[in-house]
Amino acid sequence: MKQSQSVENQSKHAALGLTDEKAIEMYVTMMTSRRYDERCLLLQRAGKINFHVSGIGQEAAQVGAAFALDRDVDYFLPYYRDYALVLSLGMTLRELMLSLFAKAEDPNSGGRQMPGHFGHKRLRIVTGSSPVTTQVPHAVGIALAAKMKKKELVTFVTFGEGSSNQGDFHEGCNFAGVHKLPVILMCENNQYAISVPLHKQVGGRICDRAIGYGFPGVRVDGNDPLEVYRVVKEARERAIAGEGPTLIEAMMYRISPHSTSDNDLAYRTKEEVDEHRGKDGINKYKQYLIECGLWDEEKDAELMKKIRVMLDDATEYGDKAPFPRPEDILLHVYDGDQGKGGR
């Protein structure tokens, strides 16, 4: 019975086109993101950094999605909890720490923005801004450009369920649906928009909103990275074939508080959080790999040591890197009056 279960499990990722090596890499990335997140929380409590927005509980969906996309050509517009996503795309722990410590070498913004405002030109991670949901129309615009230039790529944009109530979301969906654009919109439904629970902010299912804009909407278990991989892969195939957008609603739970400025127990109970902690996608996926014969506790312990070394290196590097100079505020600023007698 155990052997047949192992064969069945092994065929699950193989049937999706994932090698054993890729299946393991997905777990390594999830675990790296989780440990990075936990380190950030410790640094904030120790007074080494000012602020952190956690993505604990959302790693499985982010990694599953990233591995289903073409990381050599597609464009990515993440929202501020997507550490696992950007690590999957090629960002390093050092780069994330440079952002966390607001240092000049930070590839996201040169230390100008809060952590979680990702941007990386080489990796085609498009700079995010603080007003939530503005990344959706940007993703749609890039998808329009790709279609006009006949480029075989998609844009992938993520946002929380609270963002799905913003006008930017609806305008982006409408435009994408009208023009059948190659964009994948993934809502990371973590049950809370800051302190407002899902039942007080959404009347129906977010994925069903896609019907009104003329394209498919799919709800998926965000704690199952292989299911998210399957759904995103199919959405990409549709987009490349000219069939237009897909709205994906990945169901998950934000285990950590909204941010380090938040007391989450003011609006939810410890029992609720603990219940969802038991459904953690990372633990489930680790067990899946063990059942496949691809992983064991000894390998896991070695991985934790390796991640610890990398995190120590990244933390020290970010902490000791120079801050931006005051005059750096003038860098990357466009003066529309330049050459016209202006300042």
Side-chain angles (χ1 to χ4, degrees), residues 27 29-66 78-88 91 93 96-97 99-101 113-118 128 130 132 158-164 186-201 221-225 228 249-286 304 307-308 311 314-315 318:
Y27 174 70
T29 308
M30 282 184 242
M31 219 46 252
T32 303
S33 179
R34 175 65 60 87
R35 291 291 178 255
Y36 166 79
D37 219 319
E38 291 168 348
R39 175 65 63 89
C40 293
L41 293 171
L42 289 173
L43 288 169
Q44 195 275 336
R45 286 172 192 154
K48 298 288 288 183
I49 62 169
N50 291 319
F51 184 74
H52 176 63
V53 181
S54 177
I56 291 176
Q58 302 184 213
E59 301 94 342
Q62 293 172 18
V63 171
Y79 92 129
Y80 51 82
R81 296 188 195 279
D82 284 5
Y83 307 108
L85 174 63
V86 297
L87 284 168
S88 299
M91 284 195 74
L93 288 173
L96 290 180
M97 283 293 179
S99 173
L100 194 67
F101 284 96
Q113 289 184 297
M114 290 190 299
H117 291 64
F118 307 106
S130 291
V132 296
T158 57
F159 47 93
E161 81 285 350
S163 289
S164 72
M186 189 172 90
C187 173
E188 296 182 31
N189 188 340
N190 65 16
Q191 314 296 307
Y192 284 94
I194 307 184
S195 60
V196 182
L198 183 65
H199 71 274
K200 289 187 177 180
Q201 53 169 311
D221 180 2
N223 290 317
D224 185 342
V228 175
E249 181 181 11
M251 302 302 295
M252 57 187 69
Y253 189 84
R254 191 192 76 207
I255 295 172
S256 51
H258 172 73
S259 74
T260 51
S261 300
D262 173 42
N263 175 18
D264 62 314
L265 296 183
Y267 54 83
R268 61 184 184 179
T269 65
K270 184 178 182 299
E271 289 73 24
E272 178 186 316
V273 177
D274 287 343
E275 178 191 347
H276 284 277
R277 198 184 298 276
K279 301 174 184 176
D280 187 359
I282 294 182
N283 293 335
K284 285 184 175 181
Y285 189 64
K286 173 187 169 182
M304 295 310 122
I307 293 174
R308 174 70 180 267
L311 272 173
T315 304

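Residue indices begin at 1 and follow the sequence shown. Computed from heavy atoms alone, side chains included, the values below leave out hydrogens, waters and symmetry copies.
Atoms NZ and OG1, from Lys48 and Thr315 in turn, are 9.5 Å apart once rounded to the nearest 0.5 Å. Interatomic distance, Leu43 CG to Leu311 CG, rounded to the nearest 0.5 Å: 9.0 Å. To the nearest 0.5 Å, atoms CZ (Arg254) and OG (Ser256) are separated by 6.5 Å. How far CD1 of Ile255 is from NE2 of His276: 9.0 Å, rounded to the nearest 0.5 Å.
Under the rule for a ring-ring contact (aromatic ring centres under 6.0 Å, His included), the partners of Phe159 that lie at least two apart in sequence or sit in another chain are Phe169. For Tyr80, there are no ring-ring contact (aromatic ring centres under 6.0 Å, His included) partners, not counting sequence neighbours. For Tyr36, the ring-ring contact (aromatic ring centres under 6.0 Å, His included) partners two or more places apart in sequence, or in a different chain, are Tyr83. Under the side-chain hydrogen bond (donor to acceptor under 3.5 Å, both in side chains) criterion, Arg45 pairs with no residue, sequence neighbours left out. His258 meets the ring-ring contact (aromatic ring centres under 6.0 Å, His included) test with no other residue; sequence neighbours excluded. Residues satisfying the salt bridge (Lys or Arg N to Asp or Glu O under 4.0 Å) test with Arg34, not counting sequence neighbours, are Glu59, Asp280.
Scanning both residues, Pro78 and Thr158, for their nearest heavy atoms gives CA-OG1, 3.3 Å.
Counted by atom type alone, Tyr253 and Glu275 present zero donor-acceptor pairs between their side chains at under 3.5 Å.
Looking at Asp262 and Tyr267, their side chains come closer than 4.5 Å, going by heavy atoms from C-beta outward. Between Leu87 and Leu93, some side-chain heavy-atom pair lies under the 4.5 Å cut-off. Between Arg277 and Asn283 the shortest side-chain heavy-atom distance does not fall below 4.5 Å.
Atom CG of Asn50 is surrounded by 12 or fewer heavy atoms from other residues, nucleotides or ligands within 6.0 Å. Annotation: Ile194, atom CD1; neighbour count of heavy atoms from other residues, nucleotides and ligands within 6.0 Å does not exceed 12.
Of the candidates Gln62, Glu188, Met186, Met91, Leu85 forms a side chain to side chain contact (heavy atoms under 4.5 Å, CB included) with just one, namely Gln62.
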